[in-house]
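So the structure is just underneath, and the comments pick up after that.
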Amino acid sequence: AVAEAEIPTAAAQALGAGRRVQFAVRLGDATSGLWGPWSEDISGPVDLALSPPVPLPGAELYAEEALWTRDGAPLPPFAPHAVEAVKLYWSAFAAAQRTPANEHERLSVQYEVAVWTVDATAGPHADA
């Protein structure tokens, strides 16, 4: 027999999305209100994951540079270039196809941004 079950977002987050989990099942008797025994066999490993949010159509990534100086003054001696910081921003993502909007709003979405700076005075580097 095959069964399909939905797991509430809070339960999936508590289990830790991105992990492999296994499940055992037991059924309730609607007439008595009692639970039956747990299944003897547990399921095979299941990859637990939530569908990622999706960008809105036409959404763009924006970047703003904050410069060390704006009036032509010399750079601080420790600054490798004129840009002190870069601010990235974008429109909020929409819920994935099978994620209800109210659950999407409660999700803790984390973004990872990698940044590299290059010293213009450094020569080319050979791979080791």
Side-chain angles (χ1 to χ4, degrees):
V2 175
E4 186 174 307
E6 291 187 18
I7 299 173
T9 302
Q13 287 177 329
L15 288 172
R19 292 184 31 202
R20 296 199 89 164
V21 295
Q22 293 180 292
F23 295 96
V25 179
R26 66 181 183 165
L27 302 176
D29 183 342
T31 56
S32 68
L34 300 174
W35 285 99
W38 285 100
S39 57
E40 292 181 21
D41 297 324
I42 60 173
S43 72
V46 176
D47 290 322
L48 182 63
L50 299 174
S51 298
V54 294
L56 296 171
E60 295 182 6
L61 172 67
Y62 299 95
E64 286 181 4
E65 293 181 339
L67 303 178
W68 283 104
T69 64
R70 299 184 200 289
D71 55 6
L75 295 177
F78 54 83
H81 47 73
V83 179
E84 179 181 8
V86 176
K87 175 183 175 183
L88 300 175
Y89 58 99
W90 53 86
S91 302
F93 280 39
Q97 185 177 1
R98 296 185 65 179
T99 304
N102 64 333
E103 289 187 19
H104 170 74
E105 291 170 5
R106 294 187 312 219
L107 286 176
S108 173
V109 179
Q110 191 172 354
Y111 299 96
E112 183 174 323
V113 178
V115 178
W116 292 267
T117 62
V118 178
D119 182 348
T121 61
H125 297 284
D127 291 337

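We number each residue from 1, following the sequence as shown. Values below: all heavy atoms of this structure, side chains included; hydrogens, waters and symmetry mates excluded.
For Ala82 against Leu75, the heavy-atom pair with the smallest separation is CA-CD2, 3.6 Å. Shortest non-hydrogen contact noted between Glu84 and Leu67 is OE1-O, 3.9 Å. Contact between Val54 and Ala95 at its shortest, heavy atoms only, is CG2-O, 3.7 Å. Here the shortest heavy-atom pairing between Trp68 and Pro76 reads CE3-CG, 3.7 Å. Nearest heavy atoms, Glu64 versus Tyr89: OE2-OH, 3.2 Å. Closest heavy-atom contact between Pro74 and Thr69: O-CG2, 3.7 Å.
Considering CH2 of Trp35 and CG of Leu27, their distance stands at 8.0 Å, rounded to 0.5 Å.
Under a hydrophobic clustering in which Ile, Leu, Val, Met, Phe, Trp and Tyr are joined whenever their side-chain heavy atoms come within less than 4.5 Å, directly or via other members, Tyr62 and Val86 fall into different clusters.
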